[in-house]
Amino acid sequence: MNSENIKKLTNLAIEQLISALNEGRSETLTQYLAAIGRFHRYSLRNVMLIASQKPAASHVAGFHAWHKLGRFVKKGEKGIMILAPIVRRKNEIAKQEETDESSTAVGFRVAYVFDISQTDGQELPTIGSVNGEPREYRERLAKFVAEQGIALEYSEDIAPARGTSAGGKITLLPGQSPAEEFATLAHELGHEMMHRDERRSNTSKRSRETEAEAVAFVVCRAIGLETGSASQDYIQLYEGDAKLLTDSLAHIQSTASQILNAIGAEASSASPA
């Protein structure tokens, strides 16, 4: 694929992504956010308590919260102990005005939560996924990563993240489908190529995640993978939008072109609109 074809393909892919972003949240993302909203953000103390009792825990919630998500705790499972605040209205404590309904914690009690691995039932909603077969492009992409002096490793410790980029090292979560792994690697490579120089200090995380996912979208589409709403969902999770994507177009085009040239993507591999 020559540089002109790559430019045309990149422009077409970005136009499609911009159009999807302008349409707003996909139904998949809406369902995902609704489910994730049921998980509490735990204090550092409780995070440490959870980790000490179940180091591999990823999504934890109370017994009744799991029921609302269509899942139930398996028989015999032992709860993970945390400390839950005992909340009282301030007017109950200091006999303040009846109109003062602010509250405060007056103590803590022991409560129990369960990790998703301790439950069965309906699958939790997930953001869109990438499907298809990356074929020989997976190995070509890994080779290009190595040629850039970037180490590629696998670790379950990064869960629930699918991949991380740490300046000279990319870590992937093992067990992903070939298509998902390819997309994740392309995303993290985008970070390595665009965000490990002076640009990092001049861009927000929102911008960086939008750019990296747009690069992954272009590369995945170029080799014929089915992206669905995956990139749209990911970008919107980080509050990215069409304007931000347009502002970063030159960086996205340049990076995607380098990757596509390196892996030898053919024009015939690109999927139709």
Taking all non-hydrogen atoms of both residues into account, name the closest pair between [X] and [Y] and its distance.
X: Ala183; Y: Ala216; answer: O-CB, 3.7 Å
X: Ala222; Y: Leu260; answer: CB-CD2, 3.4 Å
X: Ala186; Y: Leu141; answer: N-CD2, 3.9 Å
X: Val130; Y: Cys220; answer: CG1-SG, 4.5 Å
X: Trp66; Y: Phe114; answer: NE1-O, 2.9 Å
X: Ala179; Y: Pro134; answer: N-CD, 3.9 Å

* Asked: Would His251 and Glu211 count as a side chain to side chain donor-acceptor pair (under 3.5 Å) if you check the C-alpha gap in whole Å, the side-chain angles of each, and the deciding distance to 0.1 Å?
  -> CA-CA 8 Å; His251 297 289; Glu211 291 174 355; 5.5 Å; no

* Asked: Checking side-chain hydrogen bond (donor to acceptor under 3.5 Å, both in side chains) against Ser165, which of Arg208, Glu192, His187 comes through?
  -> Glu192

Spacing of [X] atom [atom1] and [Y] atom [atom2] [to the nearest 0.5 Å]:
X: Ile223; Y: Ile263; atom1: CD1; atom2: CD1; result: 6.0 Å
X: Leu172; Y: Glu180; atom1: CG; atom2: CD; result: 11.5 Å
X: Asn261; Y: Phe144; atom1: CG; atom2: CZ; result: 9.0 Å
X: Lys75; Y: Asp120; atom1: NZ; atom2: CG; result: 14.0 Å
X: Asn202; Y: His195; atom1: CG; atom2: NE2; result: 11.5 Å
X: Ile150; Y: His191; atom1: CD1; atom2: NE2; result: 12.0 Å

Does atom [atom1] ([X]) have a neighbourhood of more than 12 heavy atoms from anything else shown, all under 6.0 Å?
X: Tyr112; atom1: OH; result: no
X: Lys74; atom1: NZ; result: yes
X: Glu156; atom1: CD; result: no
X: Met81; atom1: CE; result: yes

* Would you say the side-chain atoms of Thr255 pair up with the backbone N or O of Ile252, donor to acceptor, closer than 3.5 Å? -> no

* Asked: So, does Arg109 use its side chain to make a donor-acceptor pair with the main chain of Ala84 at under 3.5 Å?
  -> no

Going hydrophobic residue to hydrophobic residue with side-chain gaps under 4.5 angstrom, can you get from [X] over to [Y]?
X: Met193; Y: Val219; answer: yes
X: Tyr154; Y: Ile158; answer: no
X: Leu69; Y: Phe63; answer: yes
X: Met194; Y: Ile259; answer: yes

* Just by distance, with hydrogens left out, do Ser207 and Thr210 show a side-chain donor and acceptor under 3.5 Å apart? -> no

* To do: Please lay out, stage by stage, how Thr184 and Gln176 fare under the test side chain to side chain donor-acceptor pair (under 3.5 Å).
  => CA-CA 9 Å; Thr184 303; Gln176 299 181 67; 3.0 Å; yes

Just so I know, are the side chains of [X] and [Y] near enough to count as touching, which here means a heavy-atom distance under 4.5 Å?
X: Val60; Y: Ile116; result: no
X: Glu147; Y: Lys143; result: yes
X: Lys54; Y: Gln118; result: yes

* Pair Ile170-Thr164, side-chain contact (heavy atoms from CB on, under 4.5 Å): steps then yes or no -> CA-CA 6 Å; Ile170 290 173; Thr164 62; over 6 Å; no

* Under the side chain to side chain donor-acceptor pair (under 3.5 Å) test, residues paired with Ser117 that sit two or more places apart -> Asp115

* **Cation over ring face, Arg135 and Phe182, 6.0 Å, 45°** => no

* Asked: Does the distance from a Lys or Arg side-chain N to an Asp or Glu carboxylate O, for Glu209 and Lys205, drop under 4.0 Å?
  -> yes

